[in-house]
Trainee: 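What follows is a structure written as structure tokens; I'll ask about it next.
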Number of protein chains: 4
Amino acid sequence: MKYSTGIETKRKIIDAAFQLMADKGFDAVSIDDIMTSIGRAKGSFYVHFKSKEELLYEVMRIRLDRGHGQMAEEILKELFKDNCNVRAILERVTAEVHVSSGEDYLTWAFAYYHLLTHSRKDEFVREWLETNADQWSAFLNMIVKRGQELGQIRTDVDTQTITNMCMGIVLGYDILFMFKPRIDVNEVYHIHDWMFISDPFSKNE
Amino acid sequence: MKYSTGIETKRKIIDAAFQLMADKGFDAVSIDDIMTSIGRAKGSFYVHFKSKEELLYEVMRIRLDRGHGQMAEEILKELFKDNCNVRAILERVTAEVHVSSGEDYLTWAFAYYHLLTHSRKDEFVREWLETNADQWSAFLNMIVKRGQELGQIRTDVDTQTITNMCMGIVLGYDILFMFKPRIDVNEVYHIHDWMFISDPFSKNE
Amino acid sequence: MKYSTGIETKRKIIDAAFQLMADKGFDAVSIDDIMTSIGRAKGSFYVHFKSKEELLYEVMRIRLDRGHGQMAEEILKELFKDNCNVRAILERVTAEVHVSSGEDYLTWAFAYYHLLTHSRKDEFVREWLETNADQWSAFLNMIVKRGQELGQIRTDVDTQTITNMCMGIVLGYDILFMFKPRIDVNEVYHIHDWMFISDPFSKNE
Amino acid sequence: MKYSTGIETKRKIIDAAFQLMADKGFDAVSIDDIMTSIGRAKGSFYVHFKSKEELLYEVMRIRLDRGHGQMAEEILKELFKDNCNVRAILERVTAEVHVSSGEDYLTWAFAYYHLLTHSRKDEFVREWLETNADQWSAFLNMIVKRGQELGQIRTDVDTQTITNMCMGIVLGYDILFMFKPRIDVNEVYHIHDWMFISDPFSKNE
DNA sequence: TATGAATGAGGCTTCATTCAT
DNA sequence: TATGAATGAAGCCTCATTCAT
């Protein structure tokens, strides 16, 4: 099996890079590390990528996208039903974040935060992360707003602030999780007790 | 003044390293970068540090300690007064976190999260960060517990979970802040609305 | 037309290599450069050539030969007519040098002098260039000698020296031309004023 | 003698590079070649030069300058004496060209023409060579003009053309010399027979 | 005849570290 | 305490060449 299709090998490189960068950070992973780990020669890397930088961008797009851009469609229909349960929807969206990160959440988290720190010296990464965060924020904002309209979410705090709290607690648990992988990330749902006015759907009733 | 005190130069190196590592990460900063930035020759570095690794540990101890180990003493006295206002104390402690990070919070945040990602490949850093987080956690836990004892904090959620939420939201706003430096980190105090039972001291009354 | 005749593609490769080597020198041109420039894949190169070296030798033979080997035949007949005008013949021969270099003289010149410098590390090229120069020299020598016999060229300087001057000035103007492409290469004919004894055919009379 | 002065080593690098580039051309000489040839480690190169490119520029300035910029001063005084022998001066200047190239003329010539071909892809080198050629041209032009004023040089051909012939023949013999190192470069002086009106100083009288 | 994946040698450059001064 | 020359390992990338399709 010496000669395989390009796409196959390219995908293997991306996956290997993702795994390795979670441990050491992207800069500290060498092309040689990556290629050795998939049983290929160093030089073959450049058959598939123009540069190491380009690889980072592919890893980012394929493995580190939180995907709130695409998620919207299916959720929206639900959200605008007359009698919808906003809290349930929000819980589903929040759960998605961790599911989408794939099998190994710790790997994902380290890779993601490596990317975040990396963004400080790479304009392109910075913008991509910002766009990603904005999509997520906009998506949550829409849900919160709808919740407020339906009288399910408190209105004495403005929509964006509630949205921020919602995102913040999820991001915060990412970090806590990196400190202590034993922590229960489901604790984040408690933030909903603060946001939601006691309602008949609430699981805390 | 070609020859200065060792301590002076050492301090300059630490500060420069801290600034530079916020941008590029510790690995990507070279000894030469650091020494050039303080107007000294590369070779002089080893007069002050045994290795680059040792420098990282100093930067960590001197510039990146969240300092919940020391903070305790003065706070504790207050906390165990009969009629103490736990919410006020907690707010003060929370505020401290950002104050202690010094002039430029963004620099601090990037440096700190660079360190966190770095920890994945450095046992010593990992342990230090864990200890730090544990101290912070233990400190908060003590406050929360006291709050619960005094009937100021809800008791239907267990102490450690409330503590985690408390830490989580602060960490989460660090990250949000890195995405969007315009965000108002004081929003984190809203978490207290959820924790605290409405009480006569509350500013939301 | 994915599959073309071999000869066609081979010729395209040679032409592309010639163009590209004028700019960057043969070593600095990659097989990939060449094949990309003719819209073919890198691997196809080896269908037409055994190695890059072989390509150089083909380029040399087909595009960089000054061609004094072949030129002889037609000229010789003229030269040995009784009342021949040696100066006119010499002018024609000299003109030929630039005509034979094809459309773009500057490209030709750079390619040729790249080859010359390359010859220092390639025995085969060195010998080929020497043979070429020798043919040219021998050819000129024959003309000069005939001119002397007919009393048209001065005899106080020996035949080979006059020949050298004749070649030298042409080579020198190649170089001047590379410095300043605006120069008028026809100036080289002035050397004839020095060689030829004033004669009835001279255009300077 | 493990540690030497910077200037010493830098000079050795320049000299080694000059020798090596005469054989293989600048691109084909590796940093490793150069450093090994002076008994130093590859990495040490960068103590003295910022890049390989910078080395080329130094080699060029220090070893390949034809130096007609500086030469002027001493010659000029002679040139403007009332009864000066322009032909003698011109011969001296022409001789200088070969003397200045140092011990090994063949090495010098190959290095120089490597630089010339290299100039096609390096703007900076191109400009430097042009400036150099212009200085030489301007210098010769001045001499020729003076010769014409004094009635020693023919005036039926314009000054610049004569200058070009003068430079051209020298450059041409450089090339001839590279083909056949046995050639007598003094033959170039014959061009003066063409330029100069028969005069009492002429060695051909 | 054509392709493109794969290879391994080799080139430029960076960098932590050492050492004589 | 400070310097700057020197080192060698390691990293990114290029490239001539091979080979299965």
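Because the structure is predicted, anything quoted here is derived from the model rather than measured.
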Trainee: Heavy-atom nearest nucleotide on DNA chain F for Gly6(D) versus Val29(C): which residue maps closer to 5'?
Mentor: Gly6(D)
Trainee: Please confirm whether the shortest side-chain N or O distance from Tyr46(A) to OP1 or OP2 of dC13(F) is below 4.0 Å.
Mentor: yes
Trainee: According to the interplanar angle, ranging from 0 to 90°, do the rings of Phe49(A) and Phe45(A) count as parallel (below 30°), tilted (30 to 60°) or perpendicular (above 60°)?
Mentor: parallel
Trainee: Please step through side-chain contact (heavy atoms from CB on, under 4.5 Å) for the pair Leu129(C) and Phe179(D), ending with a clear verdict.
Mentor: CA-CA 8 Å; Leu129(C) 279 175; Phe179(D) 284 129; 3.8 Å; yes
Trainee: Within the pair His48(D) and dA6(F), is there a side-chain N or O less than 4.0 Å away from OP1 or OP2?
Mentor: yes
Trainee: Among Arg40(A), Lys42(A), Lys52(A), Lys24(A), which one satisfies salt bridge (charged side-chain N to carboxylate O under 4.0 Å, His left out) with Asp33(A)?
Mentor: Lys24(A)
Trainee: Could you state the CG-C1' distance from Asp32(D) to dT13(E), rounded to the nearest angstrom?
Mentor: 13 Å
Trainee: Once you round it to whole Å, what is the distance between P of dA5(F) and CD1 of Ile38(D)?
Mentor: 13 Å
Trainee: Take the angle between the ring planes of His118(D) and Phe26(D) and call it parallel below 30°, perpendicular above 60°, tilted in between.
Mentor: perpendicular
Trainee: Round to a whole Å and report the spacing from NZ of Lys42(A) to P of dC13(F).
Mentor: 12 Å
Trainee: In whole angstrom, give the distance that lies between atom NZ of Lys52(A) and atom P of dA10(F).
Mentor: 15 Å
Trainee: Quick one: on DNA chain F, does Ala41(B) or Ser51(A) contact a more 5' nucleotide (nearest heavy atom)?
Mentor: Ala41(B)
Trainee: Please tell me which of the listed nucleotides, dG11(F), dT7(F), dT17(E), lies nearest to the side chain of Ser30(A)?
Mentor: dG11(F)
Trainee: Give a yes/no on whether any side-chain N or O of Thr9(C) is located under 4.0 angstrom from OP1 or OP2 of dA2(E).
Mentor: yes
Trainee: Whole Å only: how far is the CG atom of Leu55(A) from the C1' atom of dG11(F)?
Mentor: 15 Å
Trainee: Gly43(C) or Lys50(B): which one's nearest nucleotide on DNA chain E is closer to the 5' end?
Mentor: Gly43(C)
Trainee: What pair of heavy atoms forms the shortest contact from Phe110(C) to Ser119(D), and how long is it?
Mentor: CE2-OG, 4.2 Å
Trainee: By the 4.0 Å heavy-atom rule, please label Ser44(A) as base, sugar-phosphate, or nothing.
Mentor: base
Trainee: When you match Glu53(B) and Phe45(A) each to their closest nucleotide on DNA chain E, which lands nearer the 5' end?
Mentor: Phe45(A)
Trainee: Does the pair Met21(B) and Leu56(B) meet the rule for a side-chain contact (heavy atoms from CB on, under 4.5 Å), with working shown?
Mentor: CA-CA 10 Å; Met21(B) 86 176 262; Leu56(B) 176 59; 4.2 Å; yes
Trainee: Report the distance from atom NZ of Lys10(A) to atom P of dA6(E), rounded to the nearest whole Å.
Mentor: 13 Å
Trainee: Can Arg11(D) and Asp15(D) be counted as an ion pair, charged N to O under 4.0 angstrom?
Mentor: yes
Trainee: With under 30° as parallel and over 60° as perpendicular, where do the rings of Tyr112(C) and Trp108(C) fit, or are they tilted in between?
Mentor: parallel
Trainee: Phe26(A) CZ to dC12(F) C1': how many Å, rounded?
Mentor: 11 Å
Trainee: Tell me which nucleotide among dA16(E), dA6(F), dT3(F) gets nearest to the side chain of Val47(B).
Mentor: dT3(F)
Trainee: May I have the distance from Phe49(D) (atom CZ) to dG4(F) (atom C1'), rounded to whole angstrom?
Mentor: 16 Å
Trainee: How does DNA chain F read in dot-bracket, base by base from 5' to 3', with Watson-Crick or G-U pairs under 3.5 Å and | used when the partner is on another strand?
Mentor: .||||||||||||||||||||
